[in-house]
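These notes concern the structure reproduced below.
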Protein chains: 2
Amino acid sequence: MQDRITTILKAVADPTRREIFHALVVATTALPITQISNQFDISRQGITKHLKTLEGAGLIHIDTKGRERFCHANANPLKEVNQWLKFYEQFWDGALGDLSDYLDNMS
Amino acid sequence: MQDRITTILKAVADPTRREIFHALVVATTALPITQISNQFDISRQGITKHLKTLEGAGLIHIDTKGRERFCHANANPLKEVNQWLKFYEQFWDGALGDLSDYLDNMS
DNA sequence: TATATTTGCAACCATATAGTTGCGTATTAA
DNA sequence: TTAATACGCAACTATATGGTTGCAAATATA
């Protein structure tokens with residue numbers, strides 16, 4: 001199908017998916033799907049689709065217990081993104097917040 | 001339209017675009033569009049579309065000189081991705097290459 | 001046992017995306 | 001001046017994506 005890194009990047013490229021992932025990361029406990037979908041404006045099925053994408057990227061794991069399916073985040077795949085980024089670090093300048101950032105945001 | 005970080009992530013989520021960006025990053029000189037498209041199997045117009053997406057994300061800049069348009073990379077927007085990642089670093093484990101990575105890749 | 005809750009599956013829809021081809025135009029070279 | 005080169009624009013196609021709804025099945029509760 002596609003690259004692992006591509007799968008991960010596509011997963012986090014969607015803002016809703018990033019929100020879901022974030023909610024799961026900061027949640028102290030694993031959350032069942034309905035409870036997740038209650039936090040969003042889109043339908044449960046919409047959420048389920050996003051969860052599948054996140055699961056496919058390894059960013060969440062789903063645990064079935066009875067009729068409920070508990071989701072918890074796994075940030076490890078992001079290490080791959082971090083590694084991809086690392087190479088380009090030598091090509092960007094300074095720390096965040098310096099002049100070049102200011103100039104970048106002008107355009 | 002959409003978030004800056006979303007625009008950047010979507011730009012790099014496509015493998016072809018990552019390749020183009022990489023080629024421009026490692027090129028010592030700015031490259032005209034035709035020369036870029038010669039390095040790929042897709043049409044010049046296909047490349048042009050990708051270049052526009054990259055430009056929209058601020059990852060490249062295009063300089064017109066005569067009939068040619070020279071493209072050069074700008075890695076700075078990746079700092080934003082780096083910053084987004086940073087928060088999740090506390091939730092992943094160890095250095096790259098340790099046991100948990102091995103386990104991540106098993107699934 | 002009857003009912004309510006949590007979920008998956010499938011079908012469907014609209015739009016975005018990755019790609020193509022054809023054609024016109026500006027610039028450079030012969 | 002003619003021909004070749006580099007490019008943008010527009011139209012088009014196929015498929016992916018983000019979202020919906022309806023329905024059936026499994027599990028939990030009354």
In this structure, how many angstroms lie between the P atom of dG8(C) and the CD1 atom of I36(A), rounded? 11 Å
Tell me whether L59(A) shares a hydrophobic cluster with V25(A), the cluster being built from Ile, Leu, Val, Met, Phe, Trp, Tyr side chains joined at under 4.5 Å. yes
Give the nucleotide from the list dC7(D), dT17(D), dT7(C) with an atom nearest to the side chain of R44(A). dT7(C)
From NZ of K10(B) across to P of dG18(D) the rounded distance in Å is 7 Å
Quick check on dG19(C): is either OP1 or OP2 less than 4.0 Å from any side-chain nitrogen or oxygen of S43(B)? no
Taking only N and O in the side chain of H50(A), is any of them less than 4.0 Å away from OP1 or OP2 of dG19(D)? yes
No-H, no-angle donor-acceptor pair, R67(B) side chain to dT27(C) base, under 3.5 Å: yes
Check the distance between dT28(C)'s P and K65(B)'s NZ and give it to me in whole angstrom. 12 Å
For the side chain of K49(A), counting heavy atoms from C-beta on, which of dG8(C), dG19(D), dC9(D) is nearest? dG19(D)
When the ring centroid of F21(A) is compared with that of H50(A), is the distance short of 6.0 Å? no
Could you tell me whether G66(B) contacts a base, only the sugar-phosphate backbone, or nothing, with contacts defined as non-hydrogen atoms closer than 4.0 Å? sugar-phosphate
Any side-chain N or O of T53(A) below 4.0 angstrom from OP1/OP2 of dT17(D)? no
5'-most contact on DNA chain D: G46(A) or E68(A), nearest heavy atom basis? G46(A)
Between I33(B) and T16(A), the residue closer to the 5' end of DNA chain D by nearest nucleotide is I33(B)
Closest to the R69(B) side chain, choosing from dT7(C), dT20(C), dC7(D): dC7(D)
Rounded to the nearest 0.5 Å, what separates atom CD1 in I20(A) from atom CD1 in I60(A)? 8.0 Å
Is the base of dC7(D) touched by the side chain of Q45(B) through a donor-acceptor pair closer than 3.5 angstrom? no
Could you state the CD-P distance from E55(A) to dT7(C), rounded to the nearest angstrom? 14 Å
Between C1' of dG19(C) and CG of L51(B), the distance in whole Å: 14 Å
Take the angle between the ring planes of H61(A) and H72(A) and call it parallel below 30°, perpendicular above 60°, tilted in between. tilted
Quick one: R18(A) CZ to dG18(D) C1', roughly how many Å, whole number? 15 Å
Of the nucleotides dT7(C), dC7(D), dT17(D), which has the atom closest to the P32(A) side chain? dT7(C)
For K10(A), is there an ion pair with D14(B) - N to carboxylate O distance below 4.0 angstrom? no
Does T48(B) reach a base, just sugar-phosphate, or nothing at all? Heavy atoms under 4.0 Å. sugar-phosphate
In this structure, how many angstroms lie between the C1' atom of dA6(D) and the CD atom of Q35(B), rounded? 12 Å
Determine, stepwise, if the pair L78(A) / E89(B) fulfils side chain to side chain contact (heavy atoms under 4.5 Å, CB included). CA-CA 8 Å; L78(A) 294 182; E89(B) 198 164 356; over 6 Å; no
Rounded to whole angstroms, how far apart are CG on L54(A) and P on dG18(D)? 10 Å
Taking only N and O in the side chain of K52(B), is any of them less than 4.0 Å away from OP1 or OP2 of dC9(D)? yes
